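All residue numbers refer to positions in the sequence shown, counting from 1. Note that this is a predicted model, so its numbers are computed, not measured.
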Amino acid sequence: MRKLIAKDLKIKFIETLNELDEFSYEEGNPFLIKIGTTKYFVFLKNLSSAYFKNPDITRVQLPYSDHFSKIFKADIPFIILGYDVDNDIVVSWNPENVKERLNAKSNVSLYSRYSLQEQVKDDEFQFGYLTNGEKIVLFKRENLIAFFNVALDLFKETDGTNAIPINSITKRKEPLTDKQRFVLWLQEKYSESSVKVYTYGVEKISKDLKEISELKKNSLFDIHNPVLLKELYTKWYSIKEFKEKDLIAKYQNSNSFKRYIDFREYEQTLNPKKSKSTQKKTEKESENTSTISEITDKELLQTIKPLLKKNQVLQAVEITSKYLGKQYKNMAFKDWYKIVSELYRKMN
């Protein structure tokens, strides 16, 4: 069986899930991913022959690793994904059982069957049962998004059925609201108590601004522009009553407003707006070619270069692909990776 090098294996994974706006991931392997508000630890491995007398048996191996200690302690599902390059399919094992076996010995093997891997259909989650009764789930790589919608449910009892149509058990998740994205961003940086304080603070300030007729929207969560938010902050804080209440609350309200502005500035770095001249230039370039070989957009370069200095190459690729993807629709994630990697090489 063919294998991919670790870098290419992760790119295969990320380029599939990158269609989700609420998808983010960390470096390394295993690594933490987040889809909306749900977190998973993921470990990507190539499937290979188990080298037994029965050539149908395939496996992935989990080496002993100190990295697993973090996974042991976290109340986060650990998803092992074995990849079959030849059939472009993925095999997964029950997260609960896998976590129990981590570091049990120098190498822990998880098994599959090649005969099952080669018969997976495009529109199904297929189930297999090993000789020890363990259940495995097999599916096409293109269905990774659908898999993570129902990952934990797939390992429940299914009355002995061998496959389930994907459309029968998955549904498209509604995009996160602005408030939910704000909470998600806060959770990365602050304690749960602070998250509640800041979220409530933004809602309270929204009511304050509506009282003085300065907020035309239903809530501050409906305003995305940091410049406009800073103007509203100045107006709000200029009101003596609000300023005094903020002092009594030990600046919890003003800090809530500041955190919300920080959040909107952060989102702006992920989706930097092009100037009119840059937009016209990009549109003109895209009329002449369906691909590009280097990044020339100044706003984008200002965003990704700090990431590259921190060796966060894949995150820079993700931002680049989303920023320029609509202009260059023929370019895949691996194409953006090649361009950003070349820029990274030149910087180092």
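- The CD1 atom of I35 sits 5.5 Å away from the CZ atom of F148 when rounded to the nearest 0.5 Å.
- Residues forming a side-chain hydrogen bond (donor to acceptor under 3.5 Å, both in side chains) with D56 (at least two apart in sequence, or on another chain): S115.
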Test log, rule side chain to side chain donor-acceptor pair (under 3.5 Å), inputs D297 and Y323 = CA-CA 10 Å; D297 188 289; Y323 182 71; 2.9 Å; yes
Intermediate values then yes/no, side chain to side chain contact (heavy atoms under 4.5 Å, CB included), E203 and K207 = CA-CA 7 Å; E203 292 173 333; K207 294 177 182 178; 5.7 Å; no
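- Looking only at side-chain heavy atoms (C-beta outward), K305 and M347 come within less than 4.5 Å of each other.
- Under the 4.5 Å side-chain heavy-atom criterion for grouping Ile, Leu, Val, Met, Phe, Trp and Tyr, M331 is connected to L301 within one hydrophobic cluster.
- Using a 4.0 Å cut-off between charged side-chain N and carboxylate O, D208 and K204 make a salt bridge.
- Pairs passing the ring-ring contact (aromatic ring centres under 6.0 Å, His included) check and including a residue from residues 193-214, sequence neighbours excluded, read Y190-Y198.
- A distance of 11.0 Å separates CD1 in I304 from CD in Q302, rounded to the nearest 0.5 Å.
- Here L144 contributes atom CG and I14 contributes atom CD1; the two are 11.5 Å apart, rounded to the nearest 0.5 Å.
- Y83 is linked by a ring pair (Phe, Tyr, Trp, His ring centres under 6.0 Å) to nothing, counting only residues two or more places apart in sequence or in another chain.
- Ring-plane geometry between F139 and F125 is classed as perpendicular, the angle between the planes exceeding 60 degrees on a 0 to 90 degree scale with a lower cut at 30.
- Q315 and E27 get closest at one heavy-atom pair: N-OE2, 4.1 Å.
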Given the rule in the side chain to side chain contact (heavy atoms under 4.5 Å, CB included) test, do W336 and I292 qualify, once you have shown the distances and angles that lead to the verdict?
-> CA-CA 9 Å; W336 296 118; I292 56 173; 3.7 Å; yes
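- Proximity of I71 to I76: side-chain heavy atoms (C-beta onward) are nowhere separated by under 4.5 Å.
- Distance check, rounded to the nearest 0.5 Å: OG1 of T38 to CG of N149 gives 9.5 Å.
- Other residues, nucleotides and ligands contribute only 12 or fewer heavy atoms inside 6.0 Å of the CG atom of D75.
- Between V85 and M1, every side-chain heavy-atom pair lies at or beyond the 4.5 Å cut-off.
- Taking the ring axis of F31 as reference, the NZ or CZ atom of K10 stays within 45° of it and closer than 6.0 Å to the ring centre.
- Remark: the backbone N or O of L220 is paired with a side-chain donor or acceptor of Y260 at under 3.5 angstrom.
- A donor-acceptor pair is defined here as one N or O able to donate and one able to accept, closer than 3.5 Å; such a pair exists between the side chain of K45 and the backbone of Q61.
- When every heavy atom of Y111 is checked against every heavy atom of L130, the shortest pair comes out as O-CD1, 3.4 Å.
- The shortest heavy-atom contact between I79 and P95 is CD1-CG, 3.6 Å.
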Donor-acceptor contacts, no H, no angles, side chain residues 117-124, under 3.5 Å, sequence neighbours left out:
{"residue": "Q117", "atom": "OE1", "partner": "T58", "partner atom": "OG1", "Å": "2.6"}
{"residue": "Q117", "atom": "OE1", "partner": "S112", "partner atom": "OG", "Å": "2.9"}
{"residue": "Q117", "atom": "NE2", "partner": "D84", "partner atom": "OD2", "Å": "2.9"}

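- What you find for Y237 and K243 is that their closest heavy atoms are CE2-CE, 3.5 Å.
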Given T177 and F221, is the side chain to side chain contact (heavy atoms under 4.5 Å, CB included) satisfied, shown in steps?
-> CA-CA 9 Å; T177 64; F221 289 119; over 6 Å; no
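- T199 contributes no side-chain N or O that, together with a main-chain N or O of K196, makes up a donor-acceptor pair within less than 3.5 Å.
- Residues Y64 and V108 form no side-chain contact, since every pair of their non-hydrogen atoms from C-beta on lies 4.5 Å or further apart.
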Please lay out, stage by stage, how W93 and V60 fare under the test side chain to side chain contact (heavy atoms under 4.5 Å, CB included).
-> CA-CA 11 Å; W93 295 263; V60 299; 3.8 Å; yes
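- For CD of E96, the number of neighbouring non-hydrogen atoms (other residues, nucleotides, ligands) closer than 6.0 Å is 12 at most.
- At least one side-chain heavy atom of S254 sits less than 4.5 Å from a side-chain heavy atom of W236.
- When every heavy atom of S206 is checked against every heavy atom of S219, the shortest pair comes out as OG-OG, 3.5 Å.
- In the hydrophobic cluster analysis, where Ile, Leu, Val, Met, Phe, Trp and Tyr join through side-chain heavy atoms closer than 4.5 angstrom, V202 is grouped together with Y251.
- Separation of atoms CZ (R141) and CG (N143) is listed at 10.5 Å; rounding is to 0.5 Å.
- Shortest non-hydrogen contact noted between S293 and I339 is O-CG1, 3.8 Å.
- Taking the six-membered ring wherever Trp is involved, the centroid distance between the rings of F242 and F257 does not fall below 6.0 Å.
- Between the side chain of D222 and the backbone N or O of K217, no donor-acceptor pair lies under 3.5 Å.
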With a cut-off of 3.5 Å and sequence neighbours excluded, list every side-chain donor-acceptor pair involving residues 46-53.
{"residue": "N46", "atom": "OD1", "partner": "L4", "partner atom": "N", "Å": "3.0"}
{"residue": "N46", "atom": "ND2", "partner": "L4", "partner atom": "O", "Å": "2.8"}
{"residue": "S49", "atom": "OG", "partner": "Y51", "partner atom": "N", "Å": "3.0"}

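- Of the residues L209, I261, L228, I205, the one that meets the side-chain contact (heavy atoms from CB on, under 4.5 Å) test with Y233 is I261.
- With contacts defined as side-chain heavy-atom distances shorter than 4.5 Å, the pair I223/L215 qualifies.
- Using a 4.5 Å heavy-atom threshold, the side chains of L110 and I136 count as separate.
- Taking K235 as the reference, E214 meet the side-chain hydrogen bond (donor to acceptor under 3.5 Å, both in side chains) condition, with sequence neighbours excluded.
- At a threshold of 4.0 Å, the pair D335-K338 does not count as salt-bridged, since none of the basic side-chain nitrogens sits closer than that to a carboxylate oxygen.
- The shortest side-chain heavy-atom distance between F127 and I164 falls under the 4.5 Å cut-off.
- Among R259, E265, E267, the one residue that satisfies the side-chain contact (heavy atoms from CB on, under 4.5 Å) test with F263 is E267.
- Here the straight-line distance linking atom CD1 of I5 with atom CD1 of I11 works out to 8.0 Å at 0.5 Å rounding.
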